[in-house]
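Written below as structure tokens is the structure these notes are about.
The analysis underlying the following values was restricted to heavy atoms, covering all of them including side chains, and did not include hydrogens, waters or symmetry mates. For clarity, every value in this text was computed on a predicted model and none was experimentally measured. Whatever order the structure lists them in is the order used to number ligands and atoms, beginning at 1.
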Amino acid sequence: MVGCSRLSLAYYSLTVAHLISPPSLKSLSGSSLKSFSILPLSPINASPPLVESLQGPALTPSSSSPAALLPSNPIQSNPTPRESLPRATKMKEYWTALASLMGAFAFLQGVLHAVFPAELRAAVARLLGRLTRGLSPYCYFDVTEMDGMSTNEIYDAVQLYLSSTAAPASGARLSLSRPLNASSFTFGLAASDRVSDSFAGAAVTWEHVVAPRQGQGFSWRPLPEEKRRFTLRIRRGDRDKLLPAYLDHILAAAAEIRRRSKDRLLYTNARGGAMDARGLPWDPVPFKHPSTFDTLAMDPARKAAIMADLRDFAGGSAFYERTGRAWKRGYLLYGPPGTGKSSMIAAMANFLGYDVYDLELTEVGSNAELRKLLMKTTSKSIIVIEDIDCSVDLTNRAKPAAAAPAPRPRPGIDGGIEQDGGAGSAARSITLSGLLNFTDGLWSCCGAERIFVFTTNHVEKLDPALLRSGRMDMHIFMSYCTFPALRILLKNYLGFQSDGELDGGAEEAVLRGLEEWVDAAEITPADVSEVLIKNRRSGKAEAMRELLDVLKDRAAGKRQRGGGASAAAETGKEAGGENEEEEEEKRALESPKEGKEQAGIDSCGDGHDDVAEAKKEV
Ligand SMILES: Nc1ncnc2c1ncn2[C@@H]1O[C@H](COP(=O)(O)OP(=O)(O)OP(=O)(O)O)[C@@H](O)[C@H]1O
């Protein structure tokens with residue numbers, strides 16, 4: 001087919017060349033026009049006036065023989081020198097020659113294509129490419145966007161690095177975008193653009209190549225419509241000294257740029273293990289939680305201890321390497337609802353500049369899927385499992401999770417279909433040992449600088465194995481509001497800074513009242529915040545008075561309920577099993593409060609499995 005079309009193209013070109021410049025037209029030029037014009041026209045059809053006007057002296061009927069009609073040939077008898085031809089004629093000659101050449105070329109190409117198969121031609125092209133590359137002083141490296149079915153971390157890093165550092169300096173063309181809800185613009189190198197960079201005194205060039213994907217092929221998930229890659233060109237001589245160090249430099253620079261300039265990202269696995277076009281099971285949204293350690297209502301000493309621990313962790317690369325420990329740390333946040341566990345996670349993320357992965361365990365179908373989710377997290381991140389006691393049954397290592405989702409066929413994390421049920425259904429849900437491996441197994445070390453945070457309202461329901469050091473290194477009890485914590489909330493919501501702001505004895509008395517009643521009221525920071533929000537327009541003094549009333553009411557209610565409960569206990573323990581259970585839970589939550597005066601933070605240090613033994617006050 002190709003050969004045919006080429007042949008017809010050759011024929012077409014030759015025809016065009018002929019039409020553009022027929023031989024007759026070539027000779028009908030200049031001074032010879034008048035005497036020569038009769039030749040191509042039939043003398044019978046030519047009208048006399050036209051013939052006359054073209055011929056000069058009129059032809060007489062006597063000169064009717066063909067020989068007599070022929071004039072003396074001006075070309076032969078008096079050849080016109082080429083230089084003296086008019087410009088237009090010369091141009092025509094050039095075009096004719098060019099068209100003939102093209103025709104010949106197309107003809108030859110058609111013959112070649114017909115004779116040599118495509119495979120042979122490709123092999124020759126490859127050979128030629130290799131030869132020219134061998135002679136070139138440069139070598140080239142491709143950094144593709146997709147590495148097999150998953151995304152290539154280096155591609156992202158190069159893109160970030162080039163667009164933030166090298167590209168603006170070089171004046172390259174940049175694509176500009178702002179992801180939904182993001183607060184800053186993102187620059188990217190446009191397709192087919194090049195940018196130069198230098199490292200350790202050597203110059204390198206990056207090119208961004210974007211090509212449409214030829215076909216989707218067979219895949220359970222859609223692939224990106226374009227194939228993108230960066231091509232790095234460096235001199236052969238610089239290759240060995242440059243490559244590893246330069247790539248390390250790019251990765252480190254990209255991580256730093258991300259940390260400094262980018263919004264925190266909050267990832268969720270709400271798609272239930274299905275992967276997106278770039279092979280990621282996580283959906284990111286900008287993380288905009290404004291909570292910081294400044295706004296977090298907590299005893300200042302405990303807060304300082306947590307911040308110091310986080311600081312040590314983030315700067316502890318050398319320490320973790322020296323001691324042979326995986327660079328990760330686990331925090332367990334426990335306490336009643338509304339005491340600030342989520343706020344604490346946000347404060348940690350904002351303090352360290354880490355992304356947050358909010359792992360929804362009920363969306364995870366199996367231990368293998370859990371492991372793969374872990375592998376798709378990045379370093380410098382906090383992996384959160386909230387209300388872990390509600391997510392899975394964590395009391396038996398071998399038993400599959402009771403609260404795991406009902407088996408259902410769905411696209412697996414690898415892109416394949418996972419069909420639950422049947423003989424292998426036990427392996428289709430998360431077990432405690434799967435979760436233990438997640439936090440402390442070999443796979444948990446596949447990235448660096450990661451923090452695991454588990455939250456629960458019922459610490460007593462958790463298996464001690466989950467709480468041991470190495471998994472949950474620090475146990476943080478989020479308590480009811482204490483007076484120092486309450487002062488932080490007064491500052492946040494009313495702008496109350498110091499006692500000096502109080503207007504006289506009455507307001508001073510209200511503040512002392514708050515101090516006196518806050519512990520007895522057992523009120524959460526969330527409830528205190530609510531009272532202050534409601535009354536913030538009434539002024540500082542009025543809002544504080546309102547809060548004092550609420551505290552007193554709560555304390556009285558507690559006292560009454562306490563009295564009622566003990567009376568019931570005395571009269572034959574009439575309070576049913578439900579009440580008993582409630583009391584038990586309450587006692588479990590209150591137990592850490594015994595140590596509240598000291599710190600309220602438990603740090604596990606010796607690896608004992610027993611929670612009680614493992615808990616040590618910091
Ligand atoms: N310690 C705190 N410091 C500052 N604000 C707090 C604190 N605790 C609670 N709040 C306020 O109460 C709201 C709810 O708090 P948060 O969600 O952090 O509590 P939680 O302990 O995670 O609750 P739950 O266990 O129900 O998830 C927050 O938006 C915040 O405004």
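- Contacts between Y493 and ligand 1, counted as non-hydrogen atom pairs separated by less than 4.0 Å, involve the side chain only.
- Using cut-offs of 30° and 60° on the angle between ring planes, the pair Y354 and F313 is perpendicular.
- Nearest protein neighbour of atom 6 (C) of ligand 1, counting heavy atoms only, is P525 CB, 4.0 Å.
- Among protein heavy atoms, the minimum distance from atom 14 (C) of ligand 1 is reached at A526 CB, 4.2 Å.
- Not a single N or O atom of L489, backbone or side chain, sits closer than 3.5 Å to an N or O atom of ligand 1.
- In terms of N/O distances under 3.5 Å, ligand 1 is approached by S343.
- The shortest N/O to N/O separation between K341 and ligand 1 falls below 3.5 Å.
- Looking only at heavy atoms of the protein, atom 26 (O) of ligand 1 is closest to P337 CB, 3.6 Å.
- Residue contacts with ligand 1 for N457 involve side-chain atoms from C-beta outward but no N, CA, C or O (heavy atoms, distance under 4.0 Å).
- Looking only at heavy atoms of the protein, atom 9 (C) of ligand 1 is closest to G338 O, 3.4 Å.
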Test log, rule side chain to side chain donor-acceptor pair (under 3.5 Å), inputs R450 and S379: CA-CA 6 Å; R450 271 193 302 216; S379 43; over 6 Å; no
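- For atom 20 (P) of ligand 1, the protein comes within 4.0 Å by at least one heavy atom.
- Remark: ligand 1 and T339 share an N or O pair separated by less than 3.5 Å (distance only, no angle test).
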Go through the steps for Y267 and S381 under the test side chain to side chain donor-acceptor pair (under 3.5 Å), then give the verdict. CA-CA 10 Å; Y267 293 90; S381 59; over 6 Å; no
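- Remark: ligand 1 and A297 share an N or O pair separated by less than 3.5 Å (distance only, no angle test).
- Under a 4.0 Å N-O distance rule, the pair R554/E522 does not qualify as a salt bridge.
- For R512 and E515, the salt-bridge test passes: some basic side-chain N is under 4.0 Å from an acidic carboxylate O.
- In terms of polar-atom proximity, defined here as any N/O pair under 3.5 Å, L296 makes no such contact with ligand 1.
- From the protein, the heavy atom lying nearest to atom 27 (O) of ligand 1 is S342 OG, 4.0 Å.
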